[in-house]
Amino acid sequence: MSEQTRPVPKPDRDSAYYWAAARRRELVFQQCNECGQFRFYPRSVCPFCLSEKFEWHKSLGRGAVYSFTVIHRAPTPAFRDRVPYVLALIDLPEGVRMMSNVIGCDPGSVQIGMPVTVDFEEVSDEISLPVFRPE
Amino acid sequence: MGRKPFNREIAIAGVAESDLGHGVSLSILQHQALAAKRALEDAGLRHTDVDAVMAVDFLGLPSLQIAEYLGIKPRFTDTTVTGGSAFENLVEHAALGIAAGLCEVVLITYGSTLWSDRRRVVEGGGVDPRMPAAQFETPYGDLSPIGAYALAAARHCYEFGTTPEQLAEVAVSTRNWAALNPRALHRDPITVEDVLQSPLIASPLHRLDCCVVTDGGGAVVVTSAERARDLRKPPVYVLGSAFSSTHLSISQMENLTQTGAFESGKSAMSMAGVKPSDIDVVEIYDSFTISVVCALEDLGFCPKGEGGRFVEGGRLGPGGELPTNTSGGGLSYNHPGAFGIFLIIEAVRQLRGECAARQAPGAELALVHGIGGWLSSHATLILGK
Ligand SMILES: [Zn+2]
C-alpha cells in the first residue's frame, strides 16, 4: 500500500458481514443469542458468555460522543488534506462503543455528550466507513 | 489464593543503558549487547553467570537471539509482549523463576532504533493488518498511540475539570529533572506556557505533552538476594509486583479515566506491605503527560480526579514532595519505544544513591509503573533498599 493511500479495512471472517452492511449504509452489531448482549467489534464468540450463537442487529445509529480529540498532525500523508479532523469514541444505545470520526461540522463545535447520527463515507470501491454527524 | 511475598529474596543487581539518543549508530542487537555488557559489569557478573534471558525487541525470537548473540545458553527464557510495561512484568517473571529454582541470574534486555527507523513507520503505527484495530481504529486516522491518550485526556478534562495547564505541569517538572541528568536528550528548562505554545498534536495534547523519540537499549540483571549480597553493588530488593490489563484497543477501554494501574498498584503495594505515602521516589511511564496524571490517581497518590491539581506547583519536580520521573522520563530523557526498562534502571540508581545532582533525598522505597499499548497494560514494581 502506498503511503498516499488511506488505510482501508480488510474484511475478515468476523467482519465481512459488518462491512457488507456498511456498504449498504447500514450499521450492524452482533447480538448474542444466549445472553442477549450486543458486542463491537465483530467476533466469533460473545465476550460475555463465549456463546458462538448470534444474530446481526441493525442499529438506528444514533449515539453520543463519549470522548473526542481534534487531530492536527496527520498520521500518514493520506490524512494531510483532512487535518484538523475529529477522532471520537461514540457510545451507542445498544451498549457498544466504537471509534469513528465526527464529520460535517466545525471540529471546534464538537462536545462530549453531543448526540450524533451515523453516516457512511466511501473510502474504496468496496468499503464504506461508518462515521457520525451531529444530530 | 493470596500473593506469596518475595520476602526480600529477590534483588536487582545490575542496570545499564546502551548509548541513547539521536544519531547513535547501533543496531537493535548492538543496543542490547552493549546494555547487557554494562549491566553485567555494574553487577560484577560475567555473561557465563547468566542462566536466564528475557529479551523484548519486537524482532522474531528475541530471547534466543540475544542469548545466542551474547554466547549464553539459558535454561529459562521469557518474552512478554505487553508493550512498554513488559519489563516491570519481566522482573516479576524473573522473580518467580528464581523463587521456583528455575534459574538464578536473569538478564532482561531491550533495544530499539525507533528514531533511526522513524521514516519507515508503517501505516497504522505498526498495527498488524489482521488485528481488529487495523479495521476499526486505523482507518479513522487514530494517530496511534497519541490519539488514544488524547481521548483519555479529553475525557479526564471533561469529567474532572483537568486543564491543559495542569497537564503541562508534568512536562515542566520532568524537564527540570532532565536538566540535572547529563544523559537526557532535552535539558533546557521549559514553562507551562512553552508547552501550551508548542503545536497542538491531538487536542488537548501539545507536542511537549508527548514523549520524545530516540534510539536506545537497556538491561537489568535480577538474581537471588543470596547471590546479590556478594556482588559489586548493594542489592535493590523486589518487594512487590503486579500486573493488570483491561483492554488492548482504546475503543475497548470501559472507563477512560480509570486504568489498570488501580489494580496493579493496589496489589503490588499490598504485597510489599506499603502505601503510597511510604514511597520516596516514583517512576511512571510518561508516554504523555496524561499518563502520569491518570497513574498517580489510580496508584493512590491522590484521589480520583484530583491528579491535575496534585501535579501543580512542581510537586513532582526537583525539591518537590513526590520526586517523579527523576531521569527526565520519556518526555525529556529518552524514549526508544518501550520505556519501561529505563524506569527500573533509574529507580535502582536512585535507591543506590548514584544520581548525583538529581538524587531524590532519602530514597529508600521506589514505585515503578510501566504502561503498555493504549493504556492497555499496567505493571507495578515496589523496589527497596
Ligand atoms: Zn453472550
Side-chain angles (χ1 to χ4, degrees), chain A residues 1-12 14-15 18-19 39-43 47 65-80 82-91 96-103 107-108 110-113 121 123-124 127 129-132, chain B residues 119-160 164 198-207 209-210 247-257 288 290 374-375:
Chain A
M1 195 188 293
S2 123
E3 265 208 306
Q4 300 300 326
T5 315
R6 186 166 166 178
V8 174
K10 293 184 182 61
D12 59 22
D14 280 330
S15 66
Y18 173 87
W19 290 115
R39 63 184 185 256
F40 185 79
Y41 49 90
R43 56 197 99 167
V65 174
Y66 171 72
S67 191
F68 76 97
T69 172
V70 182
I71 303 285
H72 290 265
R73 190 173 84 195
T76 62
F79 287 92
R80 262 181 209 156
R82 299 174 66 88
V83 290
Y85 59 89
V86 177
L87 179 77
L89 296 175
I90 308 296
D91 280 345
V96 301
R97 181 178 298 157
M98 59 190 291
M99 183 177 279
S100 191
N101 299 124
V102 178
I103 63 162
V110 176
Q111 292 187 336
I112 290 178
E121 190 177 351
V123 292
S124 75
I127 297 289
L129 280 185
V131 294
F132 289 82
Chain B
R119 292 190 192 288
R120 284 186 272 139
V121 169
V122 291
E123 278 184 67
V127 171
D128 185 297
R130 294 164 295 187
M131 287 167 65
Q135 290 183 61
F136 301 105
E137 297 198 348
T138 312
Y140 294 105
D142 60 343
L143 189 62
S144 176
I146 305 174
Y149 287 82
L151 287 166
R155 186 73 197 182
H156 203 279
C157 293
Y158 171 79
E159 283 188 26
F160 307 119
S198 67
L200 203 49
I201 305 290
S203 65
L205 301 180
H206 301 78
R207 188 169 57 78
D209 286 296
C210 304
H247 63 281
L248 176 61
S249 310
I250 195 71
S251 58
Q252 300 290 309
M253 184 173 181
E254 269 174 46
N255 178 351
L256 254 63
T257 59
F288 303 95
I290 183 64
W374 300 267
L375 286 168

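Here is how names work: the chains are called A, B, and so on, in the same order as the sequence lines, proteins then strands, and each is numbered from 1.
- Contacts of Pro84(A) with chain B are absent, with no heavy-atom separation under 4.5 Å from either backbone or side chain.
- No donor-acceptor distance shorter than 3.5 angstrom exists from the side chain of Arg6(A) to the backbone of Gly141(B), with no hydrogens or angles considered.
- Once rounded to the nearest 0.5 Å, the distance linking OH of Tyr140(B) with CG of Leu87(A) reads 10.0 Å.
- When heavy atoms are compared at a cutoff of 4.5 Å, Tyr18(A) approaches chain B solely by way of its side chain, counted from C-beta outward.
- The choice from Ala74(A), Pro130(A), Gly113(A) that makes the most heavy-atom pairs within less than 4.5 Å of chain B is Pro130(A).
- Across every non-hydrogen atom of Pro9(A) and Gln135(B), the tightest pair is CG-O, 3.7 Å.
- Taking chain B as the reference chain and counting heavy-atom pairs below 4.5 Å, the highest number among Asn101(A), Val131(A), Val123(A) is found for Asn101(A).
- Separating the CZ atom in Arg130(B) from the NZ atom in Lys10(A) is a distance of 11.0 Å, to the nearest 0.5 Å.
- Side-chain atoms of Gln252(B) come within 3.5 Å of backbone N or O of Phe40(A) as a donor-acceptor pair.
- Across Glu254(B) and Tyr66(A), no two heavy atoms sit closer than the pair O-OH, 3.9 Å.
- By number of non-hydrogen pairs under 4.5 angstrom with chain A, the leading residue of Pro139(B), Pro129(B), Pro204(B) is Pro139(B).
- Using cut-offs of 30° and 60° on the angle between ring planes, the pair Phe136(B) and Tyr41(A) is parallel.
- Contact count against chain A (heavy-atom pairs under 4.5 Å) is highest for Pro132(B) among Pro132(B), Ala150(B), Ser249(B).
- Of all the heavy atoms in Leu200(B) and His72(A), the pair that sits closest is O-CB, 3.1 Å.
- Taking every heavy atom of both residues into account, Ile71(A) and Ala202(B) meet most closely at CD1-CB, 3.8 Å.
- Considering every non-hydrogen atom in both Thr138(B) and Pro7(A), the closest pair reads O-CG, 3.8 Å.
- Judged purely by atom type and a 3.5 angstrom limit, Thr69(A) uses its side chain to pair as donor or acceptor with the backbone of Ser203(B).
- Proximity to chain A is absent for every atom of Leu205(B), based on heavy atoms less than 4.5 angstrom apart.
- Rounding to the nearest 0.5 Å places CE of Met99(A) at 5.5 Å from CG of Leu151(B).
- Minimum heavy-atom separation, Arg155(B) to Ser67(A): N-OG, 3.4 Å.
- Side-chain contact check for Leu256(B) versus Leu89(A): some heavy-atom pair is nearer than 4.5 Å.
- Within the 4.5 angstrom heavy-atom criterion, only side-chain atoms of Arg43(A), from C-beta onward, approach chain B.
- Interatomic distance, Glu137(B) CD to Met98(A) CE, rounded to the nearest 0.5 Å: 10.5 Å.
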